[in-house]
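Notes follow the structure.
Sequence lines set the chain letters: A, B, ... in the order given, protein chains first and strands last, and positions in each chain run from 1.
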Protein chains: 2
Amino acid sequence: MGTGQTADGSVRTPLSRDRILVTAVAMADTGGLDSLTMRSIGHELGVEAMSLYNHVRDKGEILAGIADLVLSEFDIRPPARDWRTATRESAISAHEALLRHPWSCELILAPRPPRILPARMRWIESILARFRAAGFSPAAASRGYHAIDSHVLGFTLWELGHRLPDDAPPDFLERVMRETDFSAFPYLLEHAAVHRAMSEEPELGEFEFGLDLILEGLDRHRTSQ
Amino acid sequence: MGTGQTADGSVRTPLSRDRILVTAVAMADTGGLDSLTMRSIGHELGVEAMSLYNHVRDKGEILAGIADLVLSEFDIRPPARDWRTATRESAISAHEALLRHPWSCELILAPRPPRILPARMRWIESILARFRAAGFSPAAASRGYHAIDSHVLGFTLWELGHRLPDDAPPDFLERVMRETDFSAFPYLLEHAAVHRAMSEEPELGEFEFGLDLILEGLDRHRTSQ
DNA sequence: ACCTGAACACCGTTCAAGT
DNA sequence: ACCTGAACACCGTTCAAGT
C-alpha cells in the first residue's frame, strides 16, 4: 500500500473521477445507496477514503455524478417517426435505465442539494425539441415535458417502492398477507388478488398504461393552445 | 433535569410516542428530514436521545410514524358526487397535504425499510372502493389506483424538486440563468421563459393538468375491461 | 501530485446504572 | 417505569505529514 502497487504486487490503476463514479454505480447496483460510504468506495478501489477527496469535492459530487451517469443511459435519439412514437420509445428507454439502477430515481428526484446535471439537460431538451417540432406551442411543449418527465421518474420510483426487496425471504409476501388484517379493507384484498392473477399472465405494463394515457391526452390537447 | 421538571421549574409533560411524532413533524416542516436526529428530537423535547428508545423501537419507526401522520391528513371522504369529481377532490387534498410537508413524499415513496402504514391502507382502500362502486372491474380499479396514487406521490415529489429551496438567495434563479450556457439548449431556454410568463399570470396548476389527463383516460377506458 | 494517519465533530444504538 | 452517562461502531471531512 502507498507504493503504487496492490497487495498482490500488480500495478495499481491510478484513481480518477471516472473510476470512482463507475465503481460507485456498480456498488449501488448491488448494495443500494446506503452501501455507499466514502470508506467503502475507497476500499473497493484499494485506497483510503481520504484519497477520494483528491478527485471529487465531497460525497454529494459522487451522488450527483452517478445520477448523471444513469441519465446518460436514457435514449434521447430514438428513430423519429411521429412525435408520439418517438416520445413513447424514449420514455420507455428511460424507464428501463431507471429500473437497471433502482437507486437512481430517488437521487434524481430528490437531490440534496439540487444540482444541474448535464445529461438531464440534454434529456429535457430532446423532449421539448420533439414537441416543438411537432407543432406544439411553447406552453404546450412545457406541459408535455412536465407530464412525461414526472411520469418517467415519479411512476418508476412509485413502482420500485412496490417491488419486493431482493433480499426478502421467499415467503415474505405470504407472511404479510397472512399477518395483515384485511377485514376493514375488502378492496385492498381484491387488489392483491388482481396482482397475483396478473403475475401469472403478464399483460401490458403499468408504466406503459399511464404513459399512453398521457400521450393520448397530449394529442387531444395539442391544438387547444 | 431528571427531576421531572424542566429548567424553569415547570412540570415536564411526560414523553410519549405521540409527542415524539408530533414534534418530529414540526421539526421536519421547518428544517427538513436532515434536521431529524435522535439527539435533536430529544433536545426539542427537553430529554436525552436515549429516552426516545423507551417509546419507539428505532429511528425508522419515527420516520414511518411521521409519514403516516401526513397520510392521515389526506381527505378520504370528500363529498361523493360522481366518481370523477370525488377522485379529483381527494387527489387534490392529498397533493395539498404533501405540499404542507415537503419532506413526506420521499418518505412515503422510498421507505427504508418498507413498512405497512395504516393511513396508507385506508387511503388506497378509499380509492379502490370508489372505482368499484362506479362500476370499474377489479382490474380496471387496480389500474386506476396505480395511476392516481403514482401521480399524487410521484408528481408532487417531482414538483417539489423543481421548487427553489426556502433558504435560496433571492437572486439565485437569475444567477443560474446567467451562469448556465444555453447555447446547446434553445428549447430549455424557451421553457424557462414560459415559466417566467406563467408565474406572472398563474393558470391551471400542473398537478391538475396531469390529474385530468388520467381521469379522462380512465373514463374512456372504463368500459373496455 | 497524489495518498495516508490521525483527528474532529458528528451519527444511531446499547446497556448498566440511577431515580 | 422511565430517564441518563458512558460507551461503541460507525459516518463525512480536514489537515499536516509522508512519498
Given atom [atom1] of [X] and atom [atom2] of [N], what is their separation to the nearest angstrom?
X     : N      : atom1 : atom2 : result
A/H55 : C/dC2  : NE2   : C1'   : 7 Å
A/E48 : D/dG18 : CD    : P     : 17 Å
B/I41 : C/dC11 : CD1   : C1'   : 13 Å
B/L45 : D/dC3  : CG    : P     : 10 Å
A/N54 : D/dC15 : CG    : P     : 14 Å
B/H43 : D/dT4  : NE2   : P     : 13 Å

Exercise for the section: Please identify each residue that fulfils salt bridge (Lys or Arg N to Asp or Glu O under 4.0 Å) with A/E174, with sequence neighbours left out. Expected result: none
Give me, pair by pair, the N or O atoms of the protein and of nucleotides 12-14 of chain C that are less than 3.5 Å apart, along with how far apart they are.
from, atom 1, to, atom 2, distance (Å)
C/dG12, OP1, B/M38, N, 3.4
C/dG12, OP1, B/K59, NZ, 2.8
C/dG12, OP2, B/M38, N, 3.0
C/dG12, N7, B/R39, NH1, 2.6
C/dG12, O6, B/R39, NH2, 3.1
C/dT13, OP2, B/Y53, OH, 2.8
C/dT13, OP2, B/K59, N, 2.9
C/dT13, O5', B/Y53, OH, 3.2

Practice task
Would you write the dot-bracket representation of DNA chain C, where each base gets (, ), [, ], | or . depending on whether it forms a Watson-Crick or G-U pair under 3.5 Å and with which partner?
Solution key: ||.|||||...|||||.||
Problem - Closest heavy-atom pair and its distance - A/I108, A/A67 - result: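 In this case the closest contact between A/I108 and A/A67 is CG1-CB, 4.1 Å.
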Practice task
Considering non-hydrogen atoms only, spot the tightest contact between B/L36 and B/K59 and give its length.
Solution key: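 Shortest heavy-atom separation between B/L36 and B/K59 comes out as O-NZ, 2.8 Å.
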Practice task
Please determine if a side-chain N or O atom of A/S51 lies less than 4.0 Å away from the OP1 or OP2 oxygen of C/dC2.
Solution key: no
Exercise for the section: Hey, can you tell me if B/F74 and B/W123 have their rings parallel, tilted or perpendicular (30° and 60° cut-offs)? Expected result: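 Because their plane-to-plane angle is over 60°, the rings of B/F74 and B/W123 count as perpendicular.
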Handout entry: Quiz item: cation-pi between B/R143 and A/F209, 6.0 Å / 45°
Key = yes
Handout entry: Contacts of B/H43 that satisfy ring pair (Phe, Tyr, Trp, His ring centres under 6.0 Å) - sequence neighbours left out
Key = none
Please report, to 0.1 Å, the donor-acceptor pairs under 3.5 Å made by any side chain of residues 44-57 of chain A, with sequence neighbours excluded.
from, atom 1, to, atom 2, distance (Å)
A/S51, OG, A/E48, O, 3.4
A/N54, ND2, A/S51, O, 3.4
A/H55, NE2, A/L15, O, 3.4

Completion exercise
residues 107-125 of chain B vs salt bridge (Lys or Arg N to Asp or Glu O under 4.0 Å), sequence neighbours excluded, gives A/D34-B/R112, A/E106-B/R112, B/D58-B/R115, B/R120-B/D149
